[in-house]
Amino acid sequence: MLTVWLGQIRSFSGTMALSLWLLLGCLAIPGALSADSGTCSLCQTAITDVETFLESNHTQNEIVDELEKVCKLLPAADQDKCVVAIDQLLPQINESLDSIVTKYSDFALCSMLGLCQVDCCATPYLPEQIHLSLGADLSEMVVMWTTLLATPQPIVRFGTDPDNLNQTAAASTNTSNYGGWRGSLYTATMTGLSDKTTYYYQVGDPTIAPDFWMKPAWSQPAHLKFTTGGRVGPNQPCRMANIGDVGATDVSMLTYMRLVDRRMKGEVDMLLHDGDIGYADGYQPLWDAFLRKMETVGGFIPVMTAPGNHEGFFNFHTYKARFTMPFAAAQSSDPLYYSFNYANVHVVSLNSEGFMGLSPNHINTTSPIYTWLQKDLASVDRKVTPWVIAMLHRPLYCTGKTRDCKTQAKVLQDGLEALFYDNKVDLVLQAHIHNYQVTWPVYQQKTTQKNYVNPAAPVYVVNGAGGNKEHMDGTSADGNDWYRTGLRVYGYGLITSNNATTLTYQYFASEDDSLQDEFTLQRQ
């Protein structure tokens, strides 16, 4: 049935077919997109028409009319939904269609559409892509991993002695068949952890009999480990790394090499990843490649994430399947935004993304994220966590790109800036723009002071230079008095604080680990 349907779509232009497949993928219409014999090659043939069509003079209305005809080929229950989606969403899809088509091969595009199958892993049961995140409180640590085939009794075993992993926790099993992906995802929570204690662990399944290579199916690193934080308090030392816009390609290897070095020296306790994580855009092998790379850090310290526009494909389904954040403990109803306390900091992670990552999320006083954030920030006890950091992918303040830094930044300023200011948020971590930028304390486009002593407004950092595949952006003040500095240098940030009076942000170059910028928020 699907092959016949694809053949009918093939009579339309490649771009029309691709647009419809994107719509169906985003809408997740059950059974509309799935690989069967012949569909993968047929899809790749159809894609070859796309670039030619992009150069033609077809109007938006002509494309809509033709796609609505294709909707009539769907099951009756889905036809109206398809037509409405085309009218509402096609303009946004066409906005970035040329970018998507030129970034990926025909096979990659067809796998995104679920018409070509991709395997997560080369071996059936060997755990990989192992990464940690904080649990409901500091006595818990969540671990996730991936195998190609599901194992019957996945667990994590852990303990304070690497030769005696005497505690276990069962894992839940999940999968994600979006983008033609085949694999199994596991999540386990280690509980009852003591403060400031090093734990060793392995993930896998002891029930897989050792009858051929790589059975039993334990993770290969013999001594994966992590160290828990101390109790939350104003004088607990905070050492967090911060990256954004990273991806699975070669440039980010330098950034991760520096983070691994910091991790091995015990100089960083957590990684804040501010969106555009694997730059997968729906192509699942990029997720797999990135998470293998991330294991060198995330297998040893918790990685706390915020979604970026490149995570928006399939309505964030893949992102939510591959990362577990403590949203329920933060009384959030959505895994895309949450908060947590660590050391002497309260961190708020927000979702700035709209549909498919093509526009910022419009936030107003009736939005669930707004009402949650309002309550969350109002509940912070500054005697316990004197510093408050907000993290979201798209910037409220940046310079360079008119669309991102004026039009779309204004959307987020209107929705969030007053909340940040009224609740005395200290630092706002942003990404999306592919460089490093720092503001002076600023509110409503006005600089409150040109120093960081007793700042009267939040300071905004753009750190979108972790290694993205889209190259770097230039920097300039662009006439903005609130702009302090900018760098066109791949790098990462370190956030440190030992008390309630100082919090320091440092930016290091990935190439040689040299210090590029530093500022300290001071309270006197």
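Computation of the quantities below employed the complete heavy-atom set of this structure, encompassing side-chain atoms and omitting hydrogens, waters and symmetry-equivalent molecules.
The residue from His432, His310, His434 that alone fulfils the side chain to side chain contact (heavy atoms under 4.5 Å, CB included) condition with Asn468 is His434. Of the residues listed (Tyr338, Trp287, Phe316), the one engaging Phe323 in a ring pair (Phe, Tyr, Trp, His ring centres under 6.0 Å) is Trp287, and it is the only one.
Defined by atom type and a distance below 3.5 Å, a donor-acceptor pair is missing between the side-chain atoms of Asn361 and Tyr337. A donor-acceptor contact closer than 3.5 angstrom is absent between the side chains of Ser332 and Asp334. Using a 3.5 Å distance cut-off with no hydrogens or angles, the side chains of Tyr397 and Glu417 do pair a donor with an acceptor.
Contact detail for Gly278 and Leu286: the closest heavy-atom pair is O-CB, 4.2 Å. Shown here for Pro395 and Leu412, the closest heavy-atom pair between the two residues is O-CD1, 3.9 Å.
Under the 30°/60° scheme for interplanar angles, the aromatic rings of Phe226 and Tyr199 are found to lie parallel. Using cut-offs of 30° and 60° on the angle between ring planes, the pair Tyr178 and His317 is tilted.
For the pair Arg262 and Tyr492, the cation-pi test (distance below 6.0 Å, angle within 45°) is failed.
Counting heavy atoms of neighbouring residues, nucleotides and ligands inside a 6.0 Å radius, atom CZ of Arg382 exceeds 12 of them.
Between Ile208 and Pro152 the shortest side-chain heavy-atom distance falls below 4.5 Å.
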Which atom pairs, donor and acceptor, lie under 3.5 Å between side-chain atoms of residues 371-379 and protein residues at least two apart or in another chain?
from, atom 1, to, atom 2, distance (Å)
Thr371, OG1, Ser367, O, 3.4
Thr371, OG1, Pro368, O, 3.0
Trp372, NE1, Ala330, O, 2.9
Asp376, OD1, Ser339, OG, 2.6
Asp376, OD2, His346, NE2, 2.7
Ser379, OG, Lys375, O, 3.4
Ser379, OG, Asp376, O, 2.7

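Between the Tyr342 side chain and the Met270 main chain, no donor and acceptor come within less than 3.5 Å of each other.
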